[in-house]
Amino acid sequence: MDLNRQLIEAMADLNEDLVIATVRQMAAEGHSFEEIQQCLNTGISAVGTRFERGDYFIADLIVSGMIYRSALNEREPLRSGGAPRPLGKVVIGVVAGDIHDIGKDIIVSLLRAERFDVVDLGIDVKPERFVHAVRNYHPDVVLLSGVLTTAQEAMVQTIQALTDAGLRDQVKVLIGGLCTSEYLMHHVGADGWAYDSNRTVRFCKEVVDAKEAAK
Ligand code: B12
């Protein structure tokens with residue numbers, strides 16, 4: 001079996017030892033961070049499908065999150081030390097009612113590796129906490145992360161709260177996470193939507209570059 005398939009199946013089967021061993025082997029053989037992450041994502045999606053079918057339970061979801069994090073820890077050091085960039089500031093949080101933070105944490109570490117100043121508000125972040133953070137930290141970008149379908153409504157409320165506070169024009173809003181889509185971006189009135197880490201970093205850099213150019 002090729003290593004990609006082996007990693008996907010080991011993740012789906014919650015076989016932590018095999019996941020770690022395969023990540024190490026793939027790294028040693030020169031597979032990219034993105035390729036490894038893609039396999040982990042496919043594997044963890046299969047965990048979700050098995051949960052839906054009733055083959056897995058909540059405890060299995062918890063374990064899948066732990067294995068995913070351990071696997072990423074194997075690879076993360078290799079991501080640090082991105083090229084020097086003008087620094088920008090971002091505020092990020094998982095919106096109200098949602099506690100899925102693995103994807104958000106990936107985005108945080110990649111933005112930090114690219115020398116962005118990241119204010120991480122954590123999980124289950126109520127709209128007023130986003131408002132407070134924008135008022136206090138003056139970020140270039142606010143990133144709203146959401147996985148549950150119910151997070152879509154929380155995103156609507158968060159952006160509405162920024163508008164009501166008179167802050168919407170001061171900051172770009174990027175949405176991301178499993179529950180998001182281009183359609184949702186238009187629906188909630190966000191400035192962008194990103195389904196992976198590279199697009200997220202690119203969006204944030206473009207915002208900062210545009211601000212620099214406008215000075
Ligand atoms: C692990 C997991 C959990 C763990 C989370 C642990 C943690 N610390 O995050 C725990 C056990 C806590 C959990 C709980 C629940 N879960 Co859950 N969970 C999952 C699972 C298996 C994996 C999610 C994950 O981490 N994926 C990997 C990451 C890397 O992917 P990602 O989040 O999409 O992130 C990537 C991109 O989207 C993007 N990205 C992410 N965030 C952001 C942010 C920005 C700004 C940008 C630009 C990009 C971006 O970059 C990331 C890297 O590529 C999914 C199954 C699946 N298909 O995803 C179910 C799933 C999400 N869970 C589900 C459910 C139902 C629940 C529960 C309601 C179960 C219950 N009955 O209690 C609870 C809800 C708790 C809550 N209030 O949030 C459903 C959601 C259904 C829905 N449509 O709403 C899913 C889809 C499973 C299923 N198929 O039924 N869960």
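Heavy-atom contacts from other residues, nucleotides or ligands closer than 6.0 Å to CZ of Arg199 number more than 12. Counted within 6.0 Å of CD on Glu128, heavy atoms from surrounding residues, nucleotides or ligands total more than 12; the atom is thus considered enclosed.
In this structure, Ala151 and Gly146 approach most closely via the heavy-atom pair CB-CA, 3.8 Å. Across all their heavy atoms, Lys211 and Pro139 have their closest contact at NZ-O, 4.4 Å.
Using a 4.5 Å cut-off on side-chain heavy atoms (C-beta onward), Glu16 and Ser70 make contact. A 4.5 Å side-chain heavy-atom check between Met26 and Glu29 finds every atom pair outside the cut-off. No side-chain heavy atom of Glu34 sits under 4.5 Å from any side-chain heavy atom of Asp196. Proximity of Thr42 to Leu7: side-chain heavy atoms (C-beta onward) are nowhere separated by under 4.5 Å. Between Phe51 and Ile58, some side-chain heavy-atom pair lies under the 4.5 Å cut-off.
One distance of note links NE2 of His138 with CD of Gln170; it measures 8.0 Å at 0.5 Å rounding. Going from atom CD1 of Ile36 over to atom OG1 of Thr22 covers 10.0 Å, rounded to the nearest 0.5 Å. A distance of 10.0 Å separates CG in Asn41 from CD1 in Ile8, rounded to the nearest 0.5 Å. Interatomic distance, Gln6 CD to Leu3 CG, rounded to the nearest 0.5 Å: 5.5 Å. Between Thr200 atom OG1 and Glu114 atom CD the span is 11.5 Å, to the nearest 0.5 Å. Put simply, CD1 on Ile102 and CG on Leu178 are 11.5 Å apart, with the number rounded to the nearest 0.5 Å.
Hydrophobic clustering keeps Val63 apart from Val147 (ILVMFWY residues linked when any side-chain heavy atoms are closer than 4.5 Å, directly or through intermediates). No path of Ile, Leu, Val, Met, Phe, Trp and Tyr side chains, each step under 4.5 Å between heavy atoms, connects Ile62 with Phe57, placing them in separate hydrophobic clusters. By the rule that hydrophobic residues join a cluster once side-chain heavy atoms approach within less than 4.5 Å of another member, Val47 and Ile106 end up as members of one cluster. Under the 4.5 Å side-chain heavy-atom criterion for ILVMFWY residues, no single connected hydrophobic cluster contains both Leu72 and Ile20. One hydrophobic cluster holds both Met66 and Val23 under the rule that ILVMFWY side chains link at heavy-atom gaps under 4.5 Å.
Classification of Asp105 and Arg69 as a salt-bridged pair holds, one side-chain N sitting under 4.0 Å from a carboxylate O. A salt bridge links Arg50 with Asp13: the closest approach of a Lys/Arg side-chain nitrogen to an acidic carboxylate oxygen falls below 4.0 angstrom. Glu206 has no carboxylate O lying under 4.0 Å from a charged side-chain N of Arg202, or vice versa, which leaves the two without a salt bridge. Note on Arg168 versus Asp191: salt bridge recorded, some NZ/NE/NH1/NH2 to OD/OE distance being below 4.0 Å.
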inquiry  = What verdict does the side chain to side chain contact (heavy atoms under 4.5 Å, CB included) test give for Ile123 and Asp98, after you've listed the backbone C-alpha separation in whole Å, the side-chain angles of each residue and the deciding distance to 0.1 Å?
reply    = CA-CA 7 Å; Ile123 57 174; Asp98 200 337; over 6 Å; no
task = Walk me through it: do Leu14 and Ser64 pass the test side chain to side chain contact (heavy atoms under 4.5 Å, CB included)?
result = CA-CA 6 Å; Leu14 306 177; Ser64 74; 3.7 Å; yes
inquiry  = Using the rule given for side chain to side chain contact (heavy atoms under 4.5 Å, CB included), can you reason through Phe116 versus Leu110, listing the C-alpha separation, both sets of side-chain angles and the distance that settles it, and then say yes or no?
reply    = CA-CA 9 Å; Phe116 275 89; Leu110 290 185; over 6 Å; no
query = Can Ile107 and Ile92 be said to form a side chain to side chain contact (heavy atoms under 4.5 Å, CB included), step by step?
reply = CA-CA 9 Å; Ile107 303 292; Ile92 187 168; 3.9 Å; yes
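Under a 3.5 Å cut-off, the side chain of Asp101 and the backbone N or O of Lys104 do not form any donor-acceptor pair. Using modelled atom types, no side-chain atom of Asn136 and backbone atom of Ala133 make a donor-acceptor pair closer than 3.5 Å.
For the pairing with Leu111, the side-chain contact (heavy atoms from CB on, under 4.5 Å) check across Val118, Asp120, Val141 returns one residue only, Val118.
Residue Leu167 is found in a hydrophobic cluster whose other members, listed by chain and number, are Val91, Val95, Val119, Leu121, Val125, Phe130, Val131, Val134, Tyr137, Val142, Leu144, Met155, Val156, Ile159, Leu162, Val171, Val173, Ile175, Leu184, Met185, Val188, Trp193, Tyr195; membership requires side-chain heavy atoms under 4.5 Å apart, directly or through intermediates.
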